[in-house]
Amino acid sequence: MSAATGAAWARLRTLLPGRADLVSMGRRPRRDLLAGLTVAIVALPLALGFGISSGLGAAAGLATAVVAGAVAAVFGGSGLQVSGPTGAMTVVLVPIMHEHGASGVLTVGLLAGLMLLALALARAGRYMTLVPAPVVEGFTLGIACVIGLQQIPAALGVPAPDGEKVVVVAWKAVLGFASAPSGWAAPAMAVAVAVLMLAGARWRPTAPFSLIAVAVATLAAELADLPVARIGQIPAGLPAPSLAFLDPTALSALIAPAVAVAALAALESLLSASVADGMSVSHRHDPDRELFGQGLANLAAPLFGGVPATGAIARTAVNVRSGAHSRLAALVHAAVLGLIVFAAAGVVAKIPLAALAGVLLATSVRMVEVGSVAAMLRSTRGDAVVLVLTALATLVLDLVQAVILGLLVAGGLALRAIARDVRLETVPLRPDLPGDHTDAEHALLAEHIVAYRLDGPLFFAAAHRFLLQLSEVADVSVVVLRMSRVTTVDASGALVLADAITRLQRRGITVYVSGIRDGHHQPLHALGAIARLDQAGHVFATTPQAIAAARDHLRHAGVLPATPVPATPPGAS
């Protein structure tokens, strides 16, 4: 075996499931089984709705949830991630369906799967962390608006008008309904389902109100014989795997759409995996392996008539909140949906389209974290511009163009901020603290205190490196963050700083902050990075004040002697 072949095989082995995955699945199987069942109940109406919205039908949505969900659960880089059809992907697929038909959508999924595998082998997963927080927020806000607008025709009970732009289609549907109302059963049902879901989520977040609302709406439609459109017959079971849809002559025209689908699948899946990490105590995903798993999932789904899939943030969050411990929960979710496909296709066929429209309307509302968006808009003018611009571009252009535009604007604003703050100064080293000779001062370790000086910009490109460095802090009792030399703080930097402080506090480490510059307080307070520290009196103007407070804290805690120990004179034994 050549050296190149050996290196390639070694790289591939790091992306494949290992013994640790199997061991983790056997630790708490009961919790995983219950979580998987809960997620399946939540995922059923979403899979049906997103399949219909994509244009390929409810059966395609179910096939995606079953096949892609199972493959990504086994091979993905997150043990808590749940994959399947998503609203963001639906937004990209609608124009592909209009232009190239169902075979084009399936081919695009296949090509996107190959591209995701290539990204995984190229170790591209780490670069997804460079997407700034305002771009992600604006992207999510825009997607939520698009998903909501997509449901207008079904919610009004009118045929979907022709057109590719969702705003135009929704407006035409409203005008059509206003000129010739087709009855109020469909709108009333959609609103009732959405209200029940939103109210139920506030009352009892873990209950599957989406399925309850759809079941009640279906029962009401059957008993009252309401004039509302239904899903219609779907196959009882998955079709045999086939490549009959593949047309080699159309591949060149589908490369650009496949790039868009692969980029979206990578972005959304890694974002969802990061959300799962944040909701768990010790779980961390492997970004390259996650891309590899999503690539295999998107290779498999089209063979069974499924649409392209990604990690699903809402279903992943439900999975974590339901107590999932390993990837067994996501596998159970896929298996339960598979049983529904085989055993309950007749019942599924009777579900009103307006009820599914209500589910997706409520989902679009719940996608928007109002507090997070408001905090980001208050953070800095640049972050607000990036967020709003990305959201509008998502609504009027397409998702990939919106992300690219947001990245370009965020990068330009960051570079401008850095250029404005760059200074060349020669300053003699001032030992204002004992042992002040390096950025990480180890002279205080004997007193269980470590002080870090943050130099340069704390913004999206540097924030994650800062978080990784700070996560390596030794076993100490107090960390002092010296921020007098921080030149720039943006929303991403403030969020990462808040995350780093929270992680240190979870380990029982007390955190003090000193030397925050004028102008940096606003984003740090707006995004919660130092608000609680400020309330606790842990924010100081100078580092000596912070060190003194840290020593007082340790004396009260009994870590240091009640009275300071005098320093030993030079030469004393």
Can you check whether [X] reaches [Y] side chain to side chain, under 4.5 Å on heavy atoms?
X	Y	answer
Leu62	Leu44	yes
Ile231	Leu48	yes
Met89	Leu264	yes
Val396	Val167	no
Leu46	Leu360	yes
Val261	Val259	no
Pro187	Phe177	yes

Looking at [X] and [Y], what are the two nearest heavy atoms and their distance?
X	Y	result
Gly51	Ser54	O-OG, 2.7 Å
Leu361	Ala155	CD1-CB, 4.3 Å
Val193	Ala355	CG1-O, 3.5 Å
Ala217	Pro352	O-CG, 4.2 Å
Ala185	Val228	CB-CG1, 3.8 Å
Val373	Glu137	CG2-OE1, 3.8 Å

Tell me, with the steps shown, if Leu149 and Leu395 meet side-chain contact (heavy atoms from CB on, under 4.5 Å). CA-CA 10 Å; Leu149 290 172; Leu395 196 58; 3.9 Å; yes
Looking just at side-chain N and O atoms, do Thr90 and Ser53 make a donor-acceptor pair shorter than 3.5 Å? no
Subject >> Modelled atom types, side-chain donor and acceptor of Gln294 and Thr310, under 3.5 Å >> reply: no
Set out, in order, the CA-CA distance, both residues' side-chain angles and the distance that settles side-chain hydrogen bond (donor to acceptor under 3.5 Å, both in side chains) for Thr86 and Glu268, then state yes or no. CA-CA 9 Å; Thr86 63; Glu268 190 173 12; 3.2 Å; yes
Note to self: I'd like to know whether Leu116 forms a side-chain contact (heavy atoms from CB on, under 4.5 Å) with Phe292, so could you lay out the CA-CA distance, the side-chain angles of the two residues, the decisive distance to 0.1 Å, and finally the verdict.
What the structure shows: CA-CA 6 Å; Leu116 288 169; Phe292 186 77; over 6 Å; no
Trace of the side-chain contact (heavy atoms from CB on, under 4.5 Å) decision for Arg230 with Glu222
CA-CA 11 Å; Arg230 316 297 175 93; Glu222 288 294 304; 2.4 Å; yes
Just how far is it from atom [atom1] of [X] to atom [atom2] of [Y], taken to the nearest 0.5 Å?
X	Y	atom1	atom2	result
Thr218	Met189	OG1	CE	7.5 Å
Leu198	Arg202	CG	CZ	9.0 Å
Leu303	Leu110	CG	CG	6.5 Å
Leu141	Cys145	CG	SG	5.0 Å
Leu106	Leu111	CG	CG	11.0 Å
Leu219	Leu223	CG	CG	4.5 Å

Is there a donor-acceptor contact under 3.5 Å from the side chain of [X] to the main chain of [Y]?
X	Y	value
Thr316	Ser272	no
Arg289	Gly76	yes
Thr64	Val307	yes
Asp277	His285	yes
Asn298	Ala112	no
Gln81	Ser269	yes
His98	Pro95	no
Asp32	His325	yes
Glu290	Ser78	yes
Asn319	Ala324	no

Fill in: Full working for side-chain contact (heavy atoms from CB on, under 4.5 Å) between Arg327 and Val74
CA-CA 7 Å; Arg327 57 190 71 236; Val74 173; 5.7 Å; no
task: Could you check whether the rings of Trp203 and Phe209 sit parallel, tilted or perpendicular, using 30° and 60° as the cut-offs?
output: tilted
